[in-house]
Visitor: 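Below is a structure I'd like to ask you about.
In the text below, chain A, chain B and the rest are named by the order of the sequence lines, each starting its count at 1.
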Amino acid sequence: MPAGRPFYITTPIFYVNDVPHIGHAYAEVAADVLARWHRQAGDDTWLLTGTDEHGQKILRTATANGATPKEWTDRLVAEAWHPLLKTIDMSNDDFIRTTDERHESAVKAFISKLHDDGFIYEAEYGGLYCVGCEEFKPESEILDGDGEFAGQKVCAIHGRPLELLQEKNYFFRMSQFQQQLLDLYKERPDFVQPESARNEVVAFVSQGLQDLSISRSTFDWGIPLPWDESHVLYVWVDALLNYITAIGYGADSANFERRWPAYHLVGKDILRFHAVIWPALLLAAGLEVPAGVFGTGWLLVGGEKMSKSKLTGIAPSEITDTFGSDAFRYYFMRAISLGQDGSFSWEDLAARYQAELANGFGNLASRVVAMVRRYFDGVVPASGAVQAADEAVAATVAAAAAAADAAIERFAVHEAIAAVWEIVDVLNGYVTEQEPWALAKDETQRDRLATVLYTAAEGLRALAVLLSPVIPKATTKLWSALGVEGALGALAAQPLRDAGRWGRLPAGVVVGELEALFPRIDDAR
RNA sequence: GGGGCGGUAGCUCAGCCGGUUAGAGCAGAGGACUCAUAAUCCUUGGGUCGCGGGUUCAAGUCCCGCCCGCCCUACCA
């Protein structure tokens with residue numbers, strides 16, 4: 001068992017009815033980078049993702065497509081969602097589906113406990129029902145009628161009058177957790193991040209909490225309530241429980257104890273479910289609340305929120321087909337601050353790819369490796385007497401590594417990358433100033449040349465390690481070209497928190513050929 | 001209506017508890033160099049810090065009002 005402290009992080013689970021777009025992929029990548037970082041730093045890491053497959057919408061689509069809901073979701077998972085993970089190079093440790101038997105049985109155990117302990121009761125639910133939509137309408141889809149329907153409430157979609165219907169429902173006594181939740185937000189100010197998200201949650205809970213209807217009986221695509229199988233569990237409760245059912249709640253207590261609690265990375269649109277309903281459910285069940293809930297921002301395209309309904313949705317593969325998964329990961333993690341909305345544009349993506357990945361990092365690796373091969377037949381020389389400029393490089397590496405780790409600790413992935421990129425910039429400047437090509441022309445400067453190239457190569461070694469959580473494919477190529485696998489082991493095994501310690505690259509390793517890490521893309525959009 | 005967040009160079013953004021001539025990256029202009037992916041390095045032009053008041057010796061940075069954008073104000077995943 002890894003010795004490090006536990007780090008369990010989850011992504012939102014995908015509602016399989018959607019088509020994957022870069023918004024989904026963005027959240028996945030963010031969680032993946034954090035997980036890879038912690039994993040490589042030696043923490044006892046677990047990254048969970050998965051799919052949310054119940055609910056009326058899925059039942060409807062499946063039926064419309066002439067399939068059973070299970071056939072339909074199996075197909076979507078196989079054709080759209082599993083492939084997405086490959087597309088963006090995820091390193092998830094598990095993938096849970098809410099249709100998994102392990103999930104359903106654990107959900108039943110959880111909900112039975114709440115029921116047995118008196119947190120669930122039966123009551124009439126009165127709501128405005130739209131015959132056209134065949135469902136109860138939320139406040140946001142109810143309008144005041146005019147014309148012939150003046151004085152009545154009408155459906156925002158169909159424009160027809162709504163009927164007041166009663167339905168027997170089971171309710172969760174969420175209202176009694178209001179104070180506990182407020183205390184939680186107060187005692188742990190970083191429970192909900194960023195602060196703007198926290199403000200909204202606190203404001204919401206302060207207004208007062210109502211009990212939550214947690215069952216539906218108008219359709220059957222869901223998990224039946226153990227004590228009343230004519231009802232299925234409300235999809236959101238079903239979905240939230242994935243975070244504990246996946247790690248053995250009710251089935252493998254040792255593993256559950258080892259992993260829980262988790263950090264939840266979620267889009268800010270579903271923040272409330274995670275920061276209010278979810279902790280309330282956990283409190284009721286006598287479990288620990290999450291370690292934290294981090295709300296990510298929207299991706300803006302052309303200044304507007306990217307959405308599935310509008311045509312601004314972009315498939316991740318559209319980007320990776322041209323730029324590759326590393327560039328996808330790098331771009332979204334570098335250009336956007338995790339908790340804020342971020343602008344996406346093809347121009348910006350292409351510009352950063354060219355300037356930062358190709359000309360910055362890629363070319364640096366290329367020129368250093370080429371010089372070691374040209375001037376020392378590929379054998380990394382031992383460093384000679386060290387000068388101030390060399391020490392400055394070592395100091396930059398140490399500072400960058402420390403700053404990056406601290407930033408990751410705060411979920412500030414973009415700051416971590418910016419910190420590491422200092423090394424790229426400093427190293428490019430160092431090489432240009434030291435002019436190894438000039439030193440190479442003078443036999444008496446042989447020792448100096450060795451020192452300069454060792455310094456540059458050692459800098460690359462640190463970069464490979466520090467960037468491996470973000471651009472795993474490119475750094476693996478670099479690691480292989482540096483020829484250190486035999487001496488230091490695999491890249492993924494390099495202790496991340498030691499990456500900044502100078503001099504780990506052993507002299508004498510043989511550098512191999514290095515293909516362009518990020519080839520120029522002339523057809524940039 | 002109530003609340004939150006944001007409005008800083010062409011673009012994307014930093015600017016913590018108020019303090020010297022407001023910063024970075026990219027884009028633009030000029031120069032150096034050749035190891036490298038026509039890459040790199042240096043220099044450089046460019047901003048009424050949304051608008052109007054106020055507090056202060058001093059405000060992008062605090063207070064008030066206003067304008068603009070996005071979001072929340074419960075049971076759609």
Visitor: Between A/Tyr185 (OH) and B/rC72 (P), how many Å, whole number?
Guide: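 Checked: the OH to P distance equals 17 Å.
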Visitor: I'd like to know if the side chain of A/Asp390 pairs up with that of A/Tyr454 as donor and acceptor (distance under 3.5 Å, no hydrogens or angles considered).
Guide: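 No - no donor-acceptor pair under 3.5 Å links their side chains.
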Visitor: Separation of A/Tyr454 atom OH from B/rC35 atom P, in whole Å?
Guide: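 So the OH-P distance, A/Tyr454 to B/rC35, works out to 25 Å.
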Visitor: Distance only, no hydrogens: is a donor on one side chain within 3.5 Å (strictly under) of an acceptor on the other, for A/Thr98 and A/His103?
Guide: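 There is no such pair between these side chains.
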Visitor: Among side-chain atoms of A/Thr49 and A/Asn92, is any donor-acceptor pair under 3.5 angstrom?
Guide: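 Short answer, no.
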Visitor: Using the P atom as the point on both nucleotides, what is the distance between B/rA39 and B/rU21, in whole Å?
Guide: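 Their P atoms lie roughly 39 Å apart.
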Visitor: We want to know whether A/Thr11 and A/Glu28 form a side-chain donor-acceptor pair, criterion being a heavy-atom distance below 3.5 angstrom.
Guide: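 Distance-only check passes for A/Thr11 and A/Glu28.
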Visitor: Once ring pair (Phe, Tyr, Trp, His ring centres under 6.0 Å) is applied, do any residues pair with A/Phe191, and if so which ones, sequence neighbours excluded?
Guide: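 A/Phe191 satisfies ring pair (Phe, Tyr, Trp, His ring centres under 6.0 Å) with no other residue.
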Visitor: If you restrict it to nitrogen or oxygen atoms, what contacts under 3.5 Å exist between nucleotides 10-15 of chain B and the protein, and what is each distance?
Guide:
residue : atom : partner  : partner atom : Å
B/rC13  : OP1  : A/Ser343 : OG           : 3.3
B/rA14  : OP1  : A/Gln340 : OE1          : 2.8
B/rA14  : OP1  : A/Gln340 : NE2          : 3.3

Visitor: Does a donor on one side chain and an acceptor on the other come within less than 3.5 Å for A/Arg367 and A/Asn428?
Guide: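 The criterion, which ignores hydrogens and geometry beyond distance, is satisfied for A/Asn428 and A/Arg367.
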Visitor: Need one value for A/Ile270: base, sugar-phosphate or nothing, where a base atom within 4.0 Å counts as base even if backbone is also close, heavy atoms only.
Guide: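 Here A/Ile270 touches no strand at all.
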Visitor: If I pick the C1' atom on B/rU40 and the same atom on B/rC72, what distance separates them, to the nearest angstrom?
Guide: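 The same atom, C1', in both gives a distance of 49 Å.
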Visitor: Return the set of residues passing side chain to side chain contact (heavy atoms under 4.5 Å, CB included) with A/Ala438 (not counting sequence neighbours), or none when no residue passes.
Guide: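 Expected list: A/Glu435.
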Visitor: Less than 4.0 angstrom from a charged side-chain N to a carboxylate O is my criterion; do A/Arg97 and A/Asp74 meet it?
Guide: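 Yes.
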Visitor: Work out how far the C1' atom of B/rA32 is from that of B/rU20, and round it to whole angstrom.
Guide: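 Taking atom C1' in both B/rA32 and B/rU20, they lie 34 Å apart.
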Visitor: What residues, two or more places apart in sequence or in another chain, satisfy ring pair (Phe, Tyr, Trp, His ring centres under 6.0 Å) together with A/Tyr170?
Guide: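 For A/Tyr170 the ring pair (Phe, Tyr, Trp, His ring centres under 6.0 Å) partners, ignoring immediate neighbours, are A/Trp227, A/His231.
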Visitor: For A/Val205, check side chain to side chain contact (heavy atoms under 4.5 Å, CB included) against everything at least two apart and list the hits.
Guide: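 Residues passing side chain to side chain contact (heavy atoms under 4.5 Å, CB included) with A/Val205: A/Gln178, A/Leu181, A/Leu182, A/Tyr185, A/Val201, A/Leu209, A/Val276.
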Visitor: Suppose we screen for side chain to side chain contact (heavy atoms under 4.5 Å, CB included). Which residues come up paired with A/Ile270, at least two apart in sequence or across chains?
Guide: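 Only A/Pro12, A/Trp236, A/Val266, A/Phe273, A/His274 meet the side chain to side chain contact (heavy atoms under 4.5 Å, CB included) criterion with A/Ile270.
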Visitor: When rounded to the nearest Å, what value does the distance between P atoms of B/rC70 and B/rU12 take?
Guide: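 After rounding to an integer number of Å, I get 16 Å for this pair.
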Visitor: Could you give the side-chain donor-acceptor pairs of residues 323-333 of chain A under 3.5 Å, partners two or more places apart or in another chain?
Guide:
residue  : atom : partner  : partner atom : Å
A/Ser325 : OG   : A/Lys473 : NZ           : 3.3
A/Asp326 : OD1  : A/Lys473 : N            : 3.3
A/Asp326 : OD2  : A/Lys473 : N            : 3.3
A/Asp326 : OD2  : A/Ala474 : N            : 2.6
A/Arg329 : NE   : A/Val470 : O            : 2.9
A/Arg329 : NH1  : A/Asp32  : OD2          : 2.8
A/Arg329 : NH1  : A/Ile88  : O            : 3.0
A/Arg329 : NH1  : A/Asp89  : O            : 3.1
A/Arg329 : NH2  : A/Asp32  : OD2          : 2.7
A/Arg329 : NH2  : A/Pro469 : O            : 2.8
A/Tyr330 : OH   : A/Arg334 : NH1          : 2.9
A/Tyr330 : OH   : A/Glu356 : OE1          : 2.5
A/Tyr331 : OH   : A/Asp348 : OD2          : 3.0

Visitor: At under 4.0 Å between heavy atoms, what does A/Gly297 touch on the DNA or RNA strands: base, sugar-phosphate, or nothing?
Guide: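 A/Gly297: no heavy atom of the nucleic acid under 4.0 Å.
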Visitor: How far, in whole Å, is B/rA9 from B/rG2 if one measures between their P atoms?
Guide: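 Straight-line distance between the two P atoms is 30 Å.
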Visitor: For RNA chain B, what is the dot-bracket line, given that a base pair needs Watson-Crick (N1 to N3, plus N6-O4 or O6-N4) or G-U wobble (N1-O2 and O6-N3) geometry with both distances under 3.5 Å, and | means paired with another strand?
Guide: (((((((..((((.....[...)))).(((((.......))))).....(((((..]....))))))))))))....
Visitor: What is the distance, rounded to the nearest whole Å, between atom CG of A/Leu271 and atom C1' of B/rC70?
Guide: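 Roughly 16 Å, once rounded to whole Å.
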Visitor: State whether a side-chain donor-acceptor pair under 3.5 Å links A/Trp81 with A/His24.
Guide: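 Short answer, no.
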Visitor: In whole angstrom, give me the gap between the P atoms of B/rG19 and B/rA59.
Guide: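 The answer is 11 Å between these two P atoms.
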Visitor: Whole angstroms only, please: what is the CG-C1' distance between A/Asp52 and B/rC76?
Guide: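 Rounded to the whole Å, the gap is 12 Å.
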Visitor: Return the value, rounded to whole Å, for the distance between atom NZ of A/Lys268 and atom C1' of B/rG4.
Guide: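 Distance, rounded to whole Å: 10 Å.
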Visitor: Which part of the nucleic acid, if any, lies within reach of A/Ile58 when heavy atoms closer than 4.0 Å are counted: base, sugar-phosphate only, or nothing?
Guide: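 Touches nothing.
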Visitor: In residues 361-373 of chain A, which residues come under 4.0 Å of RNA chain B by heavy atom?
Guide: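 Those residues whose heavy atoms fall under 4.0 Å from RNA chain B, taken from residues 361-373 of chain A in numerical order, are A/Gly362, A/Asn363, A/Ser366, A/Arg367, A/Ala370, A/Met371.
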Visitor: What is the distance from CG of A/Asp269 to C1' of B/rC71, rounded to the nearest Å?
Guide: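 Answer to the nearest Å: 11 Å.
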Visitor: Has A/Arg374 got a side-chain N or O lying under 4.0 Å from the OP1 or OP2 atom of B/rA36?
Guide: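 For B/rA36, OP1/OP2 do have a side-chain N/O of A/Arg374 under 4.0 Å.
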Visitor: How many Å lie between CZ on A/Phe177 and P on B/rC75, as a whole number?
Guide: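 The answer, rounded to whole Å, is 21 Å.
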Visitor: For RNA chain B, whose closest nucleotide is more 5', that of A/Ile214 or that of A/Asn428?
Guide: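 It is A/Asn428 whose nearest nucleotide is closer to the 5' end.
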Visitor: Looking at every strand, decide which applies to A/Tyr234 at a 4.0 Å heavy-atom threshold: base, sugar-phosphate, or nothing.
Guide: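 If one applies the 4.0 Å heavy-atom cut-off, A/Tyr234 turns out to touch the sugar-phosphate alone, with no base involved.
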Visitor: Side chains of A/Arg216 and A/Gln56: do they bring a donor and an acceptor to under 3.5 Å?
Guide: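 No, A/Gln56 and A/Arg216 have no side-chain donor paired with an acceptor closer than 3.5 Å.
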Visitor: Just to verify, what does A/Ala62 make a side chain to side chain contact (heavy atoms under 4.5 Å, CB included) with, not counting sequence neighbours?
Guide: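 Side chain to side chain contact (heavy atoms under 4.5 Å, CB included) check on A/Ala62 returns A/Pro69, A/Trp72.
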Visitor: Pick base, sugar-phosphate or nothing for A/Gln207, based on heavy-atom distances below 4.0 Å to the nucleic acid.
Guide: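 It contacts sugar-phosphate atoms only.
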Visitor: Using the P atom as the reference point in each nucleotide, state the distance between B/rG46 and B/rG65 in Å, no decimals.
Guide: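 B/rG46 and B/rG65 have their P atoms separated by 37 Å.
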Visitor: Check whether any side-chain N or O of A/Asp100 sits under 3.5 Å from a backbone N or O of A/Ile96 as a donor-acceptor pair, and report yes or no.
Guide: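 No.
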Visitor: Rounded to whole angstrom units, what separation is found between the CZ atom of A/Arg410 and the C1' atom of B/rC16?
Guide: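 Checked: the CZ to C1' distance equals 12 Å.
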Visitor: Can you list, by residue number, the residues of residues 193-204 of chain A that have a non-hydrogen atom closer than 4.0 angstrom to RNA chain B?
Guide: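 Residues of residues 193-204 of chain A that come under 4.0 Å of RNA chain B are, in numerical order, A/Ser196, A/Asn199, A/Glu200, A/Phe204.
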Visitor: Compute the centroid of each ring, for A/Phe119 and then for A/Phe171, and state whether the two points are separated by less than 6.0 Å.
Guide: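 Between A/Phe171 and A/Phe119, which both carry aromatic rings, the centre distance is not below 6.0 Å.
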Visitor: Name the one of A/Val289, A/Leu241, A/Val293 that satisfies side-chain contact (heavy atoms from CB on, under 4.5 Å) with A/Trp278?
Guide: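 Of the listed residues A/Val289, A/Leu241, A/Val293, the side-chain contact (heavy atoms from CB on, under 4.5 Å) partner of A/Trp278 is A/Leu241.
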Visitor: Please measure how far the C1' atom in B/rU61 lies from the corresponding atom in B/rC17, and state the result in whole Å.
Guide: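 Their C1' atoms lie roughly 10 Å apart.
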Visitor: For A/Gly360 and for A/Glu515, locate the closest nucleotide of RNA chain B by heavy-atom distance; then report the residue assigned to the nucleotide nearer the 5' terminus.
Guide: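 Comparing both residues, the 5'-ward one is A/Glu515.
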Visitor: Output one line per pair: protein atom, nucleotide atom from nucleotides 32-34 of chain B, and distance, for all N/O pairs under 3.5 Å.
Guide:
none

